[in-house]
Amino acid sequence: MGALIVCAAVAAGCGDDSDDGGGDADEPVRLVVSAAASMTAAIESCAPRFEEEQNGEVRLSFAGSDELAAQIRQGAKVDVYAAANTRLPDELSSEKLLSEPVEFATNEFVLAVPGDSDIDSVEGVAEEGTKLVIGSESVPIGAYTRTMLARLPAGQEKAILANVRSNEPDVKGVVGKLIQGAADAGFVYVTDVNATGGKLKAIDLPEDLEPQVTYAAGVVSKAPEPELGRRFVDGLTQGACADALKESGFGPAP
Amino acid sequence: MTRPGWFPIVLGLSLAVALTFLTLPVVAIFIDSSPADLIASLGEPGALDALRLSLRTTAISIGIILLVGTPAAYLMATRSFRGKALLVTLIELPLVLPPAVAGIGLLAAVGPAGILGGTVEAAGIELSLATAGVVVALTFVASPFYVRQAMTAFAAVDRTLFDASRTLGASEARGFLRVMIPVALPGLVAGMALALGRALGEFGATLMFAGSFQGITQTVPLAIYDRFSTEFESALALSAVLVAVSAAILLSVKLVQGGDALGGWRAE
């Protein structure tokens with residue numbers, strides 16, 4: 001029953017049967033990739049190359065890593081899962097829903113503010129009246145944010161949490177609120193800031209505060225196209241998608 | 001002797017398919033969540049906050065819709081002028097807009113960087129990331145449901161009654177309040193019920209325009225979405241509550257109307 005509800009709500013990813021019948025050599029196969037929202041630009045730019053090389057169609061679904069994991073748990077027909085942390089792929093793997101996760105990239109956790117903002121440090125975010133937007137607790141960016149805040153002196157952490165005005169379901173929500181001027185500051189990945197073309201600026205955090213952000217991917221156990229899925233995951237560490245990730249500002253796997 | 005035709009069978013089958021399709025997801029919600037889970041999840045402060053916020057913002061937005069929508073619908077229904085069809089289309093447009101478009105539109109209009117953003121700010125009104133923003137989003141998406149139904153209801157009123165009251169010296173305002181509204185009431189209530197249901201269920205525009213924060217902007221649909229990935233049980237329970245509240249609204253409207261305004265509640 002649960003899977004049915006999810007399929008009704010999430011039109012992409014499940015619903016229409018991905019099994020096109022036969023499996024003729026010249027019939028393109030379809031790969032369904034669920035990737036963390038923070039990789040949207042990078043994966044979108046390299047997917048056509050992969051399609052060309054593998055003579056297959058790639059269907060991309062971007063959302064918060066937690067949501068994508070929930071869809072897989074509910075039985076969505078997905079081949080590849082690429083998350084913005086290692087915890088969720090590890091969890092899925094231990095539940096036998098995903099292959100052994102491969103760490104393929106790192107990202108930098110930064111403070112993002114509008115291009116013309118005066119805020120230049122975490123102290124600025126703690127000031128009363130600053131409107132802060134962060135990721136909700138269940139999504140990796142929100143978990144990283146809370147990890148980082150917990151490393152601050154208790155008073156400062158409290159002051160910053162008091163300034164939170166919205167818990168967004170994914171990084172897109174945080175970036176959108178900042179670009180629209182609805183918020184003064186947010187915590188996102190440096191790649192999200194790069195993608196705004198100067199509308200936002202990234203402020204580096206002191207190294208002892210910055211959480212380690214590692215991306216990991218795996219092939220879904222019930223993948224309709226496991227082999228092609230494996231090739232896509234391999235391509236995240238070397239090939240068109242690895243290059244695209246690098247170009248977007250992602251770091252190499254640790 | 002009439003031969004049993006194939007047509008009634010097609011009709012019956014269609015109804016069976018439609019009923020199954022429409023009720024299955026709702027039934028599944030109740031099958032998947034036990035009553036114990038439901039009660040337990042309501043004990044959670046976040047869920048209660050969401051319910052309270054949903055009821056409060058919906059009530060305010062319905063109040064605004066009734067106050068402004070009723071006279072507006074009356075005017076549209078009782079006058080004929082050039083371009084009326086265009087005006088009706090403009091009023092109905094939000095009905096067919098995807099919630100994401102409503103969210104973007106509201107941001108572009110009254111968001112901090114929107115065309116009227118400066119004016120709103122200068123007036124000291126905070127909309128984005130504030131409860132008032134939720135009310136604006138709900139009002140935008142729900143009002144066409146009421147206004148459209150109200151226009152139909154006013155247009156269907158037998159004008160001789162109203163004209164008689166005018167001949168007897170009553171002002172138009174008096175006629176509107178004493179004749180038009182009471183006679184059109186069943187239609188107005190039906191429109192209000194539709195608007196109420198839509199406002200309670202509003203999701204996309206609220207998230208984009210007002211954000212999601214417990215007790216401030218996180219209404220029940222947003223709370224459901226927030227729990228979907230990590231606490232599916234709790235999301236199911238909140239969904240069940242929303243289904244129950246919405247069903248209660250629909251039923252009470254039908255009962256208030258004695259059963260015929262929305263099309264024969266009781267068997268004839």
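Being a predicted model, the structure only gives us computed values, none of them experimental. A note on names: the letters A, B, ... follow the listed sequences, proteins ahead of strands, and every chain is numbered from 1.
Between atom CG of residue A:Leu236 and atom CZ of residue A:Phe104 there is a gap of 5.0 Å, rounded to the nearest 0.5 Å. Once rounded to the nearest 0.5 Å, the distance linking CD1 of A:Ile179 with CG of B:Leu107 reads 11.5 Å.
Ring geometry for A:Phe109 versus A:Tyr144: interplanar angle over 60°, hence perpendicular rather than tilted (30 to 60°).
Comparing A:Gly64, A:Gly181, A:Ala182, A:Gly173 by how many heavy-atom pairs each has under 4.5 Å with chain B, the most go to A:Ala182.
B:Leu207 touches chain A through backbone and side chain together, each having a heavy atom under 4.5 Å away. Contacts of B:Gln218 with chain A are absent, with no heavy-atom separation under 4.5 Å from either backbone or side chain. Both the backbone and the side chain of B:Leu129 come within less than 4.5 Å of a heavy atom in chain A.
Between A:Tyr215 and A:Ser38, the side chains place a donor N or O and an acceptor N or O closer than 3.5 Å (distance only, hydrogens not considered).
Annotation for A:Leu178 and A:Ala183: closest pair CD2-O, 3.7 Å, computed over non-hydrogen atoms. Between A:Asp79 and A:Pro224, the closest heavy-atom pair is OD1-CD, 2.9 Å.
The environment of A:Lys222 atom NZ is sparse: at most 12 non-hydrogen atoms of other residues, nucleotides or ligands sit within 6.0 angstrom.
Contacts between residues 115-137 of chain A and chain B, defined by a heavy-atom separation under 4.5 Å, are made by A:Lys131, A:Val133, A:Ser136.
Contact check on B:Arg52 versus B:Asp49 returns a salt bridge, with a Lys/Arg side-chain nitrogen under 4.0 Å from an Asp/Glu carboxylate oxygen.
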